[in-house]
Amino acid sequence: MSQSATGFQVIRKGFFSLVQDAGRFGYEHLGVTNGGPMDAMAASWANRLLDNSADASLIEVTAGGLELEVRTQTMIAVTGGDLNLTVNGKPQAPWRSFWVSTGDRLRFGTPRLGFRAYLGVQGGFQVPEVLGSMATVKRDKLGGVCGRGEALQDGDFLASGILPEEGIARQIPERFMPDYSGPLTLHIIPGYQQHAFSKSTWQQLMQQPFELDTRSDRMGARLSGSPLQSPTLGMYSEPLSYAAVQVPADGQPIIMLNDRQTLGGYPKLGNILPLDCFALAQRQPGTRIRFAPIGLMTAQQQMRRYLRFFGL
């Protein structure tokens, strides 16, 4: 990519930043997982603020540290966690869109609230599509700036899309802004293996708190607490869905997320409401987690409302 092209130069890669779009679908039979933004709601808001398509590519900034130099004049939007963003040293609040110009420096600091921020640009970032998506999945070595699944590196250049001639800076109404502080309740839809777990195990799941473990990543959220009794089923490996709650032999639940493997053989309690997984993506290790039941129809209604709102 020519350095004179319009876009953004990576000055410092930060902790872990990835190009993501809505995700890569239709290839799980080949062992290829979905990828996509961990907090899909925050990503959807970034594209909504810019009037982008729902699947426009953006940057997922995890834990901060990313620094970019703007090589164009365009409108950007920042949503999700408050990672102490500054533009030319001046603090910028998230959940809004605003103009940037050639030479501006964007820097994400350490998290103040939340854990992942989403940086969108009008027209989306332009990187190669691999299997129909720009989503970066490091494990599968797919997507990203060079199409090989790499996180952003110092010196990378991200071309931006259209050069806007006009645009209105906007801010999301406060009533739509999620609260990333404090403990989190995850609503679980019991799955078809629910009866393999004892009644006392289900009671324990609903009554005891867990903590988000430091080993959590884009593949799965690992929880730690008093071990649950994992049944011995002698299972064959079977497809793993997003938000499935596995209980391995050590009794510590694992919630399968965007970059999960496509097959697994541990018993599963059920699935977490995806909206709660978006909120989980914004929690730092050590956050207290609790579980609560939710009915399938109620969960479907909540997800339909979310999908209709963003036109997904």
Side-chain angles (χ1 to χ4, degrees), residues 16-25 33-49 52 54-63 77-83 94-95 111 113-120 135-137 172-189 210 212 216-223 240-245 253-260 270-285 287-292 294 296 298-312:
F16 190 59
S17 297
L18 303 172
V19 176
Q20 296 292 350
D21 60 12
R24 185 174 288 106
F25 298 95
T33 196
N34 305 140
M38 291 277 280
D39 183 353
M41 180 176 287
S44 295
W45 270 118
N47 281 323
R48 169 68 66 88
L49 283 168
N52 285 346
D55 61 350
S57 59
L58 34 66
I59 299 175
E60 178 180 87
V61 185
T62 299
V78 179
T79 58
D82 185 346
L83 305 190
W95 298 101
L113 188 64
F115 198 57
R116 291 176 169 89
Y118 291 87
L119 171 64
T136 308
V137 179
I172 293 173
E174 188 172 348
R175 69 180 183 276
F176 289 120
M177 294 183 189
D179 181 7
Y180 297 144
S181 63
L184 177 65
T185 297
L186 302 176
H187 293 87
I188 185 169
I189 308 160
F210 294 86
L212 185 61
S216 300
D217 56 21
R218 284 183 52 88
M219 289 181 63
R222 294 177 176 269
L223 306 184
L240 269 180
S241 62
Y242 173 75
V245 183
I254 306 173
I255 302 168
M256 308 312 296
L257 299 173
N258 302 60
D259 293 1
R260 68 197 178 279
N271 278 61
I272 300 300
L273 176 69
L275 295 172
D276 291 343
C277 286
F278 304 163
L280 179 62
Q282 295 292 356
R283 278 359 190 236
Q284 299 185 29
T287 297
R288 177 167 287 199
I289 305 293
R290 286 189 175 274
F291 288 89
I294 188 173
L296 178 60
T298 302
Q300 288 174 334
Q301 289 170 354
Q302 292 189 28
M303 289 307 299
R304 287 194 190 102
R305 188 159 54 243
Y306 159 73
L307 294 170
R308 281 198 302 265
F309 185 84
F310 287 108
L312 299 171

> Is the count of non-hydrogen atoms from other residues, nucleotides or ligands lying under 6.0 Å from R288 atom CZ greater than 12?
Replying inline: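 No, because the 6.0 Å sphere around CZ of R288 holds 12 heavy atoms or fewer from other groups.
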Nearest atoms (heavy-atom pairs only) where [X] meets [Y]:
X    : Y    : value
A135 : G36  : CB-N, 3.8 Å
D55  : A22  : CB-CB, 3.8 Å
T62  : S17  : N-OG, 4.5 Å
R283 : P183 : NH2-O, 3.7 Å
V61  : L83  : O-CD1, 3.5 Å
A43  : L58  : O-CD2, 3.6 Å

Would a 4.5 Å heavy-atom cut-off, applied to side chains only, mark [X] and [Y] as touching?
X    : Y    : value
Y118 : S44  : no
M256 : L240 : yes
D39  : Y180 : yes

> What do the steps show when you test N258 against N34 for side chain to side chain contact (heavy atoms under 4.5 Å, CB included), and what is the final call?
Replying inline: CA-CA 6 Å; N258 302 60; N34 305 140; 5.9 Å; no
> Angle class for the F291/F210 ring planes (parallel below 30°, perpendicular above 60°, tilted otherwise)?
Replying inline: perpendicular
> Which residues satisfy the side chain to side chain contact (heavy atoms under 4.5 Å, CB included) test with A221, sequence neighbours excluded?
Replying inline: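 Listed in chain order: L212, S216, I255, L257, L280.
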>> Can you list everything that forms a salt bridge (Lys or Arg N to Asp or Glu O under 4.0 Å) with D259? Sequence neighbours excluded, please.
In response: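 Listed in chain order: R218.
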Name the atoms and distances for all side-chain donor-acceptor pairs under 3.5 Å in residues 302-312, with sequence neighbours left out.
none

> Can T185 and D276 be said to form a side chain to side chain contact (heavy atoms under 4.5 Å, CB included), step by step?
Replying inline: CA-CA 8 Å; T185 297; D276 291 343; over 6 Å; no
